[in-house]
Amino acid sequence: MLPSKTKGFTLIEMAIVLVVVGLLMGGVLRGQEMISAAKARHIIDQKSSIRTAIVAFANRYNATAGDLTPAQANFIGGGVAASSSAGSGSIMLAGSTGDASVLVFQNLVATGFLICATCTANGNAIASNQNSPLNAQSAYLQYGKTAPSTAGIYWLDMSASPARNILTTGAQISAATLQQVDIKADDGLPSTGLFRQSTTGGADGVATCTAAQTLSSGTTLAAWATTDTVNCAGAWLF
């Protein structure tokens, strides 16, 4: 009795398998790209909604959310919008992100310009995920006046710029996602433009979330880290 012949794969069958594997890998990579893009878009949309609320509040009441005097708070609605102990009514908040942030969101929520289920504080308080808007990773956002820092304590700036009102993204965001946000909405660099690197909310520092980038001109700038860092934060200059 002759031994049975062992049948192997034909070239056509192998080609089909390779095509299927390629399609599956392409689908996975495309899916990851779409998820990453959606995360970046959520951060941008969240900033836009808060900016719109702040501008609408200022236009209606001729005052700055988070910096109301007692008289302004009373005029807005019998004190439903809390005043600041250092309120000046100016366009620049009186306190830093830690002081004014909760009051900013309280004012916006109390007057109906912002929906925030966690924004329960009605006076000065330390920012937390119990009294401030949250990002997709359940880390709290902050808004307020702060000075620049070469260490990115509030927002990363290698030059001596004046204090600015900023909105932070909250921590627990990957550097790769923040880079996408920066590319889509700004200049792609964490130390220039209107979107910067930040360490607020317990986010990792500059050494972890950014890396040096040398341009062809010889100038060295900070760049978003390419490693899989997952506890970073950004800040929008307002």
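Keep in mind it's a predicted model, so treat the numbers as computed, not measured.
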TODO: Using modelled atom types only, decide if a donor and an acceptor are shared between the side chain of S198 and the backbone of Y154 within a distance under 3.5 Å.
DONE: yes

TODO: Output yes when a side-chain donor or acceptor of T118 lies under 3.5 Å from a complementary backbone atom of S132, and no otherwise.
DONE: yes

- [ ] Keeping the roles fixed (side chain from N231, backbone from Q172), state whether a donor-acceptor pair exists under 3.5 Å.
- [x] yes

Task: Pairwise distance CG(L178) to OG1(T229) - rounded to 0.5 angstrom - done: 8.0 Å

Open item on the list: Quick one: does any side-chain atom of Q46 pair with a main-chain N or O of L134 as donor and acceptor, under 3.5 Å?
Closed with: yes

TODO: For side-chain hydrogen bond (donor to acceptor under 3.5 Å, both in side chains), just list the numbers for T52 and S49, CA-CA rounded to whole Å, side-chain angles, deciding distance to a tenth of an Å, and then say yes or no.
DONE: CA-CA 5 Å; T52 298; S49 65; over 6 Å; no

Open item on the list: Is the ring pair F238/Y143 parallel, tilted or perpendicular, if the boundaries are 30 and 60 degrees?
Closed with: perpendicular

Open item on the list: Quick one, I50 and I54 - any side-chain contact, counting heavy atoms below 4.5 Å?
Closed with: yes

Open item on the list: Using modelled atom types and a 3.5 Å cut-off, is there a donor and acceptor pairing between side-chain atoms of N107 and backbone atoms of A82?
Closed with: yes

TODO: Report the relative orientation of the aromatic rings in F113 and F57; use parallel for angles under 30°, tilted for 30 to 60°, perpendicular for over 60°.
DONE: perpendicular

- [ ] Measure the OG1-CG distance between T210 and D204 for me, rounded to the nearest 0.5 Å.
- [x] 11.0 Å

TODO: Starting from the C-alpha separation in whole Å, work towards a yes-or-no answer on side-chain contact (heavy atoms from CB on, under 4.5 Å) for D45 and I43.
DONE: CA-CA 6 Å; D45 290 345; I43 293 171; over 6 Å; no

Task: Interatomic spacing from CG in D182 to CG in D187 - rounded to 0.5 Å - done: 5.5 Å

Task: Closest approach of A203 to C232 (non-hydrogen atoms, all atoms of both residues) - done: CB-C, 3.8 Å

Open item on the list: Show the nearest heavy-atom pair for residues A235 and W155, with the distance to one decimal.
Closed with: CB-CB, 4.0 Å

TODO: Kindly compute the distance separating CD (Q197) from OG (S149), expressed to the nearest 0.5 Å.
DONE: 9.0 Å

- [ ] Indicate yes or no for a side-chain donor-acceptor contact from N129 to the backbone of Y140 under 3.5 Å, with no hydrogens or angles considered.
- [x] no

Task: Main-chain N/O of I153 paired to T199 side chain as donor or acceptor, under 3.5 Å - done: yes

TODO: Find out whether L141 and T169 are in side-chain contact, i.e. whether some heavy atom of one side chain is under 4.5 Å from a heavy atom of the other.
DONE: no

TODO: Answer yes if the ring centres of F75 and Y61 are under 6.0 angstrom apart, and no otherwise.
DONE: no

- [ ] Following the transitive rule for hydrophobic clusters with a side-chain heavy-atom cut-off under 4.5 Å over Ile, Leu, Val, Met, Phe, Trp and Tyr, establish whether W224 and L156 coincide in one cluster.
- [x] no

Task: Linked, directly or transitively: W236 and L114 (ILVMFWY side chains, under 4.5 Å) - done: yes

Open item on the list: I want to check something: taking the side chain as every heavy atom from C-beta on, are F105 and C119 in contact at a cut-off of under 4.5 Å?
Closed with: yes

Task: Contact check, side chains of D157 and R196, non-hydrogen atoms, under 4.5 Å - done: yes

TODO: Taking all non-hydrogen atoms of both residues into account, name the closest pair between G152 and V206 and its distance.
DONE: N-CG2, 4.0 Å

Task: Reported CG-to-CZ distance for the pair L194 and R164, which is rounded to 0.5 angstrom - done: 7.0 Å

Task: Heavy-atom pair of closest approach, residues A222 and S191 - done: CB-OG, 3.9 Å

- [ ] Look up atom CG in N165 and atom CG in D67, then write down how far apart they are to the nearest 0.5 Å.
- [x] 9.0 Å

TODO: State whether a side-chain donor-acceptor pair under 3.5 Å links N131 with T120.
DONE: no

Task: Side-chain (S48) to main-chain (I44) donor-acceptor, under 3.5 angstrom - done: yes

Task: Closest approach of A171 to Q137 (non-hydrogen atoms, all atoms of both residues) - done: O-CB, 4.4 Å

Open item on the list: I want to check something: taking the side chain as every heavy atom from C-beta on, are I115 and V109 in contact at a cut-off of under 4.5 Å?
Closed with: no

Open item on the list: Donor-acceptor pair, distance only, cut-off 3.5 Å: does the side chain of N135 make one with the backbone of A139?
Closed with: yes

Open item on the list: Can you confirm whether I183 is buried at CD1, in the sense that more than 12 heavy atoms of other residues, nucleotides or ligands lie under 6.0 Å from that atom?
Closed with: yes

Open item on the list: Ignoring hydrogens, what is the shortest heavy-atom contact between G201 and Q142? Give both atom names and the distance.
Closed with: N-NE2, 3.8 Å

- [ ] Report yes or no: does T69 contribute a side-chain atom to a donor-acceptor pair with the main-chain N or O of Q72 at less than 3.5 Å?
- [x] yes

